[in-house]
Amino acid sequence: RKFNAAFIRNERIAELQDQYPGRIIGLAGIDPTNTIHNAVKETERAVRTLGLKGIFLEPGRAWGVGPDDERLFPIYEKCLELKVPVSIMSGPYAGPDIEVSNPLYIDRLATRYPELKIILGHGCYPFIQEILGVAFKHPNVFVSPDMYIFAPGGGAYVEAANSTLREQIVYGSAYPLRPVIQTVEDTRKLPFDSAALGDYFAGNSKRIFGLD
C-alpha cells in the first residue's frame, strides 16, 4: 500500500506554537527519506531556529520499516544532541502492514539509545501487552494510545497507567480522527484513578518536555 504525505510546513507549526505559548508544543514533521528536506539538517533547524520541541517520524509509511532501521540512526542521534524527544507513528495504519508496529523494534531502539525519549503515537496497537512490556523495561519509552484506549483490549493501557507505568502512558486526542471534546469526556469515564488521570492528561507530557 502506498501512502501519500500530508505536508504541513514546520514554519506553520512554529507559528502556532508562538501564537499560543504554553498551550501548543510543536513537533517538527521530519521526512526520513530526505526527499522533502535533509532529515538531520531539518531536525536541527526545527529545534534551534524554529524553536520546536521535538520531532515526529513515520518510518513505516516512508519505507515500510520498523523504527529501528539503521537509516534513522543519524536522526535519533541528532535528537540526543539537541535533547529533544522523538514521536513515532505506530498502530495498524503506520505502514503497509502491522508488522512495522511490532514492539520488538522499539525494544531494540530503546536499548540502543537509552537516553532518547521515545513517544509512540497510537500506542503500537494492537500489540498492547507487548508494548507495555517494552515500556516496563525501558523508562525512556512513552506510550500514547490515544483513540485505541477505547478499542478492544484498550483497558490494559488504563491498568498500566494506574500501576507501574503511571509516568509512561501519555494522553493523545487522535484529532481529527476523533473530536477533541468528546475524547476528553470519554477519557474521564474510563477507570483511571484520579492521580493517574492527571498524569495521563498533562503531568507526563510536562515531564517529557521539561515544562513547569
Side-chain angles (χ1 to χ4, degrees), residues 1-3 5 27-34 39-40 43 54-81 83-172 174 177 200 204-205 207-208:
R1 181 179 178 184
K2 182 176 176 58
F3 293 93
L27 301 183
I30 299 298
D31 173 20
T33 69
N34 297 314
V40 172
T43 296
I55 70 166
F56 174 76
L57 290 174
E58 295 187 351
R61 289 181 175 233
W63 285 314
V65 299
D68 68 333
D69 189 282
E70 64 181 10
R71 289 171 290 183
L72 296 162
F73 292 171
I75 304 173
Y76 298 139
E77 288 160 11
K78 179 56 68 172
C79 287
L80 282 168
E81 177 189 328
K83 298 180 180 180
V84 296
V86 56
S87 178
I88 299 172
M89 184 179 179
S90 64
Y93 301 105
D97 54 50
I98 64 172
E99 176 60 20
V100 299
S101 294
N102 191 325
L104 173 64
Y105 304 132
I106 300 299
D107 189 11
R108 292 172 177 168
L109 177 61
T111 297
R112 182 179 182 91
Y113 298 114
E115 302 302 318
L116 178 66
K117 292 179 180 178
I118 303 165
I119 307 166
L120 300 169
H122 301 317
C124 281
Y125 190 85
F127 300 99
I128 301 176
Q129 294 298 334
E130 292 87 347
I131 194 54
L132 293 178
V134 170
F136 184 83
K137 179 180 178 183
H138 299 286
N140 60 316
V141 171
F142 302 89
V143 181
S144 181
D146 50 72
M147 67 183 185
Y148 292 104
I149 205 167
F150 307 109
Y157 295 120
V158 179
E159 180 183 354
N162 284 337
S163 56
T164 54
L165 296 180
R166 176 172 152 183
E167 295 188 354
Q168 291 172 257
I169 310 297
V170 182
Y171 175 75
L177 299 177
Y200 180 60
N204 293 337
S205 294
R207 280 187 283 273
I208 291 169

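One-based numbering along the sequence shown.
- Taking each heavy atom of Pro67 and Tyr105 in turn, the nearest pair found is CD-CB, 3.7 Å.
- Here the shortest heavy-atom pairing between Val170 and Phe142 reads CG2-CB, 4.0 Å.
- In this structure, Asp146 and His122 have side chains that are in contact, with non-hydrogen atoms separated by less than 4.5 Å.
- Between Ile128 and Pro152 the shortest heavy-atom distance is CD1-O, 4.2 Å.
- With sequence neighbours excluded, the residues that form a salt bridge (charged side-chain N to carboxylate O under 4.0 Å, His left out) with Glu58 are Arg61.
- Taking 4.5 Å as the limit, some side-chain heavy atom of Tyr113 sits within range of a side-chain heavy atom of Leu80.
- Between His138 and Ile118 the shortest side-chain heavy-atom distance does not fall below 4.5 Å.
- With hydrogens and angles ignored, the 3.5 Å screen pairs no side-chain donor or acceptor of Asp68 with any backbone N or O of Leu109.
- For Glu81, the salt bridge (charged side-chain N to carboxylate O under 4.0 Å, His left out) criterion is met by Arg48, Lys78, not counting sequence neighbours.
- Inter-residue side-chain proximity for Val141 and Phe136 is flagged as unmet; no heavy-atom pair is nearer than 4.5 Å.
- Atom OH of Tyr76 is separated from atom CD of Glu70 by 12.5 Å, given to the nearest 0.5 angstrom.
- With sequence neighbours excluded, the residues forming a salt bridge (charged side-chain N to carboxylate O under 4.0 Å, His left out) with Lys137 are Asp107, listed by chain and number.
- Of the residues listed (Ser101, Pro126, Ser90, Cys124), the one engaging Ile131 in a side chain to side chain contact (heavy atoms under 4.5 Å, CB included) is Cys124, and it is the only one.
- Scanning both residues, Ile119 and Ser144, for their nearest heavy atoms gives CG2-CB, 4.5 Å.
- Under the 3.5 Å distance criterion, the side-chain polar atoms of Asn102 are left unmatched by any main-chain donor or acceptor of Gly66.
- Val84 approaches Gly54 most closely through the heavy-atom pair CB-CA, 3.8 Å.
- Among residues at least two apart or in separate chains, there is no side-chain hydrogen bond (donor to acceptor under 3.5 Å, both in side chains) pair with a member in residues 127-136.
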Would Leu132 and Ile169 count as a side-chain contact (heavy atoms from CB on, under 4.5 Å) if you check the C-alpha gap in whole Å, the side-chain angles of each, and the deciding distance to 0.1 Å? CA-CA 9 Å; Leu132 293 178; Ile169 310 297; 3.9 Å; yes
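- Within the 4.5 Å cutoff, the side chain of Tyr200 has no heavy atoms near those of the Val158 side chain.
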Could you go through Ile98 and Tyr125, starting from their C-alpha distance and side-chain angles, then the distance that decides it, and tell me whether this counts as side-chain contact (heavy atoms from CB on, under 4.5 Å)? CA-CA 9 Å; Ile98 64 172; Tyr125 190 85; over 6 Å; no
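- Looking at residues two or more places apart in sequence or on another chain, you find no side chain to side chain donor-acceptor pair (under 3.5 Å) involving Tyr171.
- Checking Thr33, Val100, Leu72, Ile75 one by one against Pro59, the side chain to side chain contact (heavy atoms under 4.5 Å, CB included) holds for a single residue, Leu72.
- The shortest side-chain heavy-atom distance between Val143 and Leu165 does not fall under the 4.5 Å cut-off.
- Applying the salt bridge (charged side-chain N to carboxylate O under 4.0 Å, His left out) test to Arg112 and every residue at least two apart in sequence or in another chain returns nothing.
- Residues Gly123 and Tyr157 share a closest heavy-atom pair of O-OH, 2.9 Å.
- Crowding of Phe73 atom CZ: a count of heavy atoms from other residues, nucleotides or ligands under 6.0 Å exceeding 12.
- Rounded to the nearest 0.5 Å, atoms CD1 (Ile30) and CD1 (Ile55) are 5.5 Å apart.
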